[in-house]
Colleague: 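Next up is a structure, given as C-alpha cells.
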There are 2 protein chains.
Amino acid sequence: MVDGVRERMIDGAVRLLARQGLQGTSFAEVLQATGTPRGSIYHHFPGGKDQLVAAALDTAGDDTIRGLAGLTGASPAQVTERYLGLWRELLVQSDTTAGCAVLAVTVAARSDDMLDRAATVFRSWRDQLATLLAAGGHPSPVPFATTLVAASEGAVVLSRAERSLEPFDAVAAFLLAEARDIRP
Amino acid sequence: MVDGVRERMIDGAVRLLARQGLQGTSFAEVLQATGTPRGSIYHHFPGGKDQLVAAALDTAGDDTIRGLAGLTGASPAQVTERYLGLWRELLVQSDTTAGCAVLAVTVAARSDDMLDRAATVFRSWRDQLATLLAAGGHPSPVPFATTLVAASEGAVVLSRAERSLEPFDAVAAFLLAEARDIRP
DNA sequence: GTCTATACGAAGATAGAC
DNA sequence: GTCTATCTTCGTATAGAC
C-alpha cells in the first residue's frame with residue numbers, strides 16, 4: 001500500500017522529530033498528528049519507538065537524496081544552491097519551527113544503533129554531494145561536501161533559535177560564494 | 001560562594017544537556033552526576049527545570065566567550081583556529097559523546113523563552129567572532145562568523161553520529177583554509 | 001487490523017519535617 | 001538548606017476483546 005497507515009505514521013514521526021526532538025515526541029502525538037488508528041502502532045512497529053524512529057531516519061534520509069535528483073552534470077554552484085534550497089524551504093514552510101530530524105535524533109540518541117542509523121544518513125548525504133561536486137569539477141569535493149552538510153545543519157539550528165531566516169541566509173550566501181568561485 | 005551547590009548543579013546540567021539532550025536529562029541525573037544534595041534543587045531553582053536549563057545556557061555561553069579571550073589583534077586564521085579548537089577539545093575529551101548544550105536545547109525547546117535564551121547565546125558568539133575577525137582585517141566578518149558558528153555546530157553533530165573526528169576535521173580544514181586565504 | 005483497558009516506570013513538582 | 005514522602009502527569013508497552 002502506497003499511502004498506508006504505516007507510511008503516514010513514519011512521515012508524521014519525521015515531522016514531529018524535526019520540531020520537538022526525540023524524547024519530546026511521543027507515540028500519542030504521532031497518532032494525533034496523523035489521524036492514525038490508535039491500536040495499530042505496535043502492530044506496525046513491534047520494536048516500539050526505536051523502530052519507528054529508525055524508519056523515520058531512513059525516510060528523512062531518502063527524502064533529501066531524492067531532492068538532489070537530476071543534478072548530473074550540474075556545476076558545483078548549482079549543486080550547492082539546490083542543497084541549500086532544500087533546507088531553506090523547510091524553514092520557510094514551517095515558519096522556522098522545524099529543523100532536521102536526523103540531527104534531533106543524533107543529539108538525544110541513547111543507543112549506538114540509533115547513532116549508527118543517523119550516521120549512515122549523514123554519510124549518504126555527504127557521499128551524494130561529493131559525487132555531484134566531483135562530477136562538476138570541484139577540486140576538493142569531500143571537504144566542501146562535508147562543510148555543506150555541517151553548515152546547513154548548524155544554520156537551520158541558528159535560524160530556529162532566532163526564528164529568523166537571517167542566520168541561514170548569511171551562511172548560504174557565504175557557501176554559495178565559495179561554490180561560485182570554482183572554475184572547473 | 002564560588003564553588004557552591006548551585007554552580008555544581010549548573011555545570012552538571014551543561015554537561016548532561018550536551019550529552020543527552022533536553023528531555024533526556026532529568027533532575028535526578030543532574031543530582032547523581034554532581035553528588036549534589038537531593039532536597040535543594042527547588043531551593044536553588046524555584047522555577048524548576050526551565051530555570052536550571054536557562055542558567056545552563058547562560059553558563060555554556062559564557063564559557064565559550066571566555067575561551068575566546070586574549071585574541072585582540074589576532075589574525076582571522078588565529079581566531080578561527082581558536083574557536084574550532086574549543087569544539088574539537090570537547091569532542092576529544094568526551095570521546096565524541098558530547099555536543100553543544102545550546103544546540104541540544106534549541107532542537108527540543110518547547111517555549112519561546114527558552115528559544116530566546118538559546119538565540120542570545122548564539123548571537124553572542126557570532127558577535128564576538130565578528131568583532132575579532134573585523135579587527136583582524138577580515139573583509140566580510142559577519143557572514144564568516146555566522147558560517148563558523150553554524151559549521152562548527154553541525155560538524156560536532158556529524159562527529160558524534162559517526163563517533164569519529166573525521167567529519168569535524170574535514171570541516172575545520174576547509175574553514176581554516178578559508179581564513180588563511182585572507183590577507184589583511 | 002484496530003480497539004480499550006491497564007500495568008509499569010520515569011519525571012516534574014509540592015508539602016512538611018528536621 | 002537539606003531531607004523524605006507523596007501527588008500527579010505522562011509515556012511506553014502489553015493483554016485481550018472485537
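Naming: A, B, ... by sequence-line order, numbering from 1 per chain. Worth knowing before you read on, the calculation uses all heavy atoms, side chains too, and leaves out hydrogens, waters and symmetry mates.
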Colleague: Please compare T36(B) and R110(B) by the position of their nearest nucleotide in DNA chain D and report the one closer to 5'.
Modeller: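 Looking at DNA chain D, the more 5' nearest nucleotide goes with T36(B).
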Colleague: OP1, OP2 of dG1(D) versus side-chain N and O of S40(B): anything below 4.0 Å?
Modeller: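 Answer no for this pair, as no side-chain N or O of S40(B) is under 4.0 Å from OP1 or OP2.
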Colleague: Should H43(B) be listed as having a side-chain N or O under 4.0 Å from OP1 or OP2 of dC3(D)?
Modeller: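 Negative; the distance criterion is not met.
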Colleague: Take N1-N3 plus N6-O4 or O6-N4 for Watson-Crick, N1-O2 plus O6-N3 for G-U, both under 3.5 Å. Which runs of 3 or more such pairs involve DNA chain C?
Modeller: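 C:1-18 with D:1-18 - these are the stems of 3 or more pairs that involve DNA chain C.
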Colleague: Is the backbone of T34(B) close enough, under 3.5 Å, to the side chain of R8(B) for a donor and an acceptor to pair up by distance?
Modeller: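 At least one qualifying donor-acceptor pair exists.
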Colleague: With distance as the sole test, does R19(B) use its side chain to make a donor-acceptor pair with the main-chain N or O of A98(B) at under 3.5 Å?
Modeller: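 Side chain of R19(B) to backbone of A98(B): no pair is present.
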Colleague: Restricting to non-hydrogen atoms, name the atom on P76(B) and the atom on I182(B) that form the minimum distance, rounded to 0.1 Å.
Modeller: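 Here P76(B) and I182(B) meet closest at CG-CG2, 4.2 Å.
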Colleague: Give the rounded distance in Å between these two atoms: CG of L52(B) and P of dA11(C).
Modeller: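 It works out to 15 Å between those atoms.
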Colleague: Residues two or more places apart in sequence or in another chain: which of them pass side chain to side chain contact (heavy atoms under 4.5 Å, CB included) with D127(A)?
Modeller: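 D127(A): side chain to side chain contact (heavy atoms under 4.5 Å, CB included) contacts with R123(A).
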Colleague: As a test of reading the structure: which of dT4(D), dG12(C), dT2(C) is closest to the side chain of Y42(B), going by heavy atoms?
Modeller: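 The listed nucleotide nearest to Y42(B)'s side chain is dG12(C).
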Colleague: If you look at every heavy atom in T146(A) and P167(B), which pair is closest and at what distance?
Modeller: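 Residues T146(A) and P167(B), closest heavy atoms: CG2-O, 3.7 Å.
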Colleague: For DNA chain D, whose closest nucleotide is more 5', that of S26(A) or that of G39(A)?
Modeller: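 Final value for this comparison: S26(A).
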Colleague: Please pick, from dA13(D), dT2(D), dT4(D), the nucleotide with the shortest atom-to-atom distance to any side-chain atom of R38(B).
Modeller: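 Of dA13(D), dT2(D), dT4(D), dT4(D) is nearest to the side chain of R38(B).
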Colleague: Anything under 30° is parallel, anything over 60° is perpendicular, the rest tilted; go ahead and classify H138(A) against F144(A).
Modeller: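 Parallel, since the angle between the ring planes stays under 30°.
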Colleague: Select one nucleotide: of dT12(D), dT2(D), dG12(C), the one nearest the side-chain heavy atoms of K49(A).
Modeller: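 Nearest listed nucleotide: dT12(D).
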